[in-house]
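Quantities reported herein were computed from a predicted structural model and do not represent experimental measurements.
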Amino acid sequence: AALHLNLAAAALELGEPDAAQTHYTAAQSIGEQARLPDLLWRAYAGLGQLDDAHRALQQVTPFRAGCGPGEIMTVFGR
């Protein structure tokens with residue numbers, strides 16, 4: 001799932017939103033199957049599913065989230 005999240009970010013940087021969507025969807029599928037809420041919330045956010053992202057993020061401890069400075073605030077627009 002992490003690989004697909006990184007590939008989605010790279011695709012966005014290269015101006016390829018369709019490829020990013022494909023990778024976010026793959027990360028979502030893997031995150032759901034493997035029960036990885038720390039990665040799943042990012043996949044949901046990338047797909048614009050912010051309610052699902054918020055629910056997944058609530059299952060993650062701050063330590064496990066491994067977020068960069070301001071990552072959560074940036075995603076949720078606050």
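- Here the closest non-hydrogen pair linking L39 and A2 is CD1-N, 3.8 Å.
- In this structure, CG in L57 is found 10.5 Å from CG in L40, a value given to the nearest 0.5 Å.
- The two atoms that bring G31 and A1 nearest to each other are N-CB, 4.3 Å, heavy atoms only.
- Applying the salt bridge (charged side-chain N to carboxylate O under 4.0 Å, His left out) test to every pair with at least one member in residues 41-55, sequence neighbours left out, gives these pairs: R42-E71, D52-R55.
- Counting heavy atoms from C-beta outward, I72 and W41 have side chains that approach closer than 4.5 Å.
- Applying the side-chain hydrogen bond (donor to acceptor under 3.5 Å, both in side chains) test to every pair with at least one member in residues 13-25, sequence neighbours left out, gives these pairs: H4-H23.
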List the atom pairs, donor and acceptor, that lie under 3.5 Å between side-chain atoms in residues 58-68 and the rest of the protein, sequence neighbours left out.
| from | atom 1 | to | atom 2 | distance (Å) |
| --- | --- | --- | --- | --- |
| T61 | OG1 | R64 | N | 3.1 |
| R64 | NH2 | D38 | OD1 | 3.4 |

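- Take E32 and apply the salt bridge (Lys or Arg N to Asp or Glu O under 4.0 Å) test, not counting sequence neighbours, and it matches no residue.
- The two residues P17 and L12 make their nearest non-hydrogen contact at CA-CD2, 4.3 Å.
- Hydrophobic side-chain contacts under 4.5 Å tie L7 into a cluster, directly or through other members, with L3.
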